[in-house]
Amino acid sequence: MVVMSHPVAAEELNDDNPATGSKSSGRVSGLVVRRSAAPALPRTSGFSEQRMLEALPPSLAGKVEGLPVAYMELAKSYRRAQATRTGTKPAKRNIRLHLDITSALNRQLVSDKRGLQLKNLKPSQYVDAAITLARGVSVEELISAADEFRDRRIGEDSGFGSPNHYSIWKENDEWLDEMMDELLLANTTGLHGQMINVIVESFLEQLKAEVPGSN
């Protein structure tokens, strides 16, 4: 499990260039990390917490204010999915999630729909937000986490479900294609599916990490 410190202010960077995680004294982009199979996702894709809140409609910002910062990425993805005048359509990505992760995502979705009162919240928005944060993690860390995820699942009774189409934004779809090239260069082409799964798994852990009463 990814264990986080109390919220810290992220540096204000260009949103097109997510903050890159780096290892130093157990800290990665503001996180305090214990040994874990999941990568330590950065707290935001670049904007400070206040700027992210200001970028959301007041009614939506009020729902996520005070929650783990990962919820702000989820709120951004939710807002983009609800916008009808952006002129940009999301990409449809065929992704095969592990059954355990699908179940965890569905539980989180139902909890958030009730708690945040966002009736149009969809699984795609979790996947999209998770990928946005993962873009700030080094390729080496993602490959290592995907390799550990595969090892953890060897010989288990449950497995991967059927592929589903998830709506993600163009920059995230393109990043996943780039990761396929990076895996090819690293001679680890069989890890792409595991990489996506461990990204979503880590994001779900981050959503729960600082919510009072969560396990």
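Each residue takes its place number in the sequence, starting with 1. Just so you know, these numbers come straight off a predicted model, no measurement behind them.
- Taking CG of Leu99 as the reference point, atom CZ of Arg153 lies at 9.5 Å (rounded to 0.5 Å).
- Salt bridge present: Asp177 and Arg93 bring a charged side-chain N and a carboxylate O closer than 4.0 Å.
- A distance of 11.0 Å separates CD in Glu171 from CD in Glu178, rounded to the nearest 0.5 Å.
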Full working for side-chain contact (heavy atoms from CB on, under 4.5 Å) between Ile196 and Leu176: CA-CA 9 Å; Ile196 295 174; Leu176 288 178; 4.1 Å; yes

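- For the 3.5 Å distance criterion, the side chains of Asn197 and Glu201 fail to qualify, holding no donor opposite an acceptor.
- Ionic pairing of Arg79 and Glu73 is not present here: no N-O contact between side-chain nitrogen and carboxylate oxygen is shorter than 4.0 angstrom.
- The CZ atom of Phe160 lies 9.5 Å from the CG atom of Asp100; values are rounded to the nearest 0.5 Å.
- Judged purely by atom type and a 3.5 angstrom limit, Thr188 has no side-chain atom pairing as donor or acceptor with the backbone of Leu191.
- A donor-acceptor pair shorter than 3.5 Å cannot be found between the side chains of Ser167 and Asp128.
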Full working for side-chain contact (heavy atoms from CB on, under 4.5 Å) between Lys92 and Asp173: CA-CA 8 Å; Lys92 295 286 188 180; Asp173 188 51; over 6 Å; no

Audit row: Val127, Leu105, side-chain contact (heavy atoms from CB on, under 4.5 Å) steps and yes/no: CA-CA 9 Å; Val127 174; Leu105 194 161; 4.2 Å; yes

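- Taken to the nearest 0.5 Å, the CG atom of Leu121 stands 6.0 Å off from the CG atom of Asp112.
- Residue Leu204 holds its CG atom at 6.0 Å from CD of Gln108, rounded to the nearest 0.5 Å.
- Judged by distance alone, the side chain of Arg96 and the main-chain N or O of Gly161 form a donor-acceptor pair under 3.5 Å.
- Cluster annotation: Val110 and Val200 are assigned to distinct hydrophobic clusters (Ile/Leu/Val/Met/Phe/Trp/Tyr, side-chain heavy-atom contacts under 4.5 Å, transitive).
- Using a 4.5 Å heavy-atom cutoff, the side chains of Ser144 and Glu140 are not in contact.
- Inter-residue side-chain proximity for Lys113 and Leu118 is flagged as unmet; no heavy-atom pair is nearer than 4.5 Å.
- Met180 and Ile143 fall into different hydrophobic clusters, defined by Ile, Leu, Val, Met, Phe, Trp and Tyr side-chain heavy atoms under 4.5 Å apart, directly or through other members.
- Under a 4.0 Å N-O distance rule, the pair Asp147/Arg150 qualifies as a salt bridge.
- Residue Arg114 places its CZ atom among 12 or fewer non-hydrogen atoms of other residues, nucleotides or ligands, all under 6.0 Å distant.
- With rounding to the nearest 0.5 angstrom, the OG atom of Ser111 is 8.0 Å from the CG atom of Leu116.
- Both Val139 and Val198 are part of a single hydrophobic cluster, where members link through side-chain heavy atoms under 4.5 Å apart.
- Atom CG of Asn187 has 12 or fewer neighbouring heavy atoms from other residues, nucleotides or ligands inside a 6.0 Å radius.
- Side-chain contact, Ser202 with Glu205: no donor N or O sits under 3.5 Å from an acceptor N or O.
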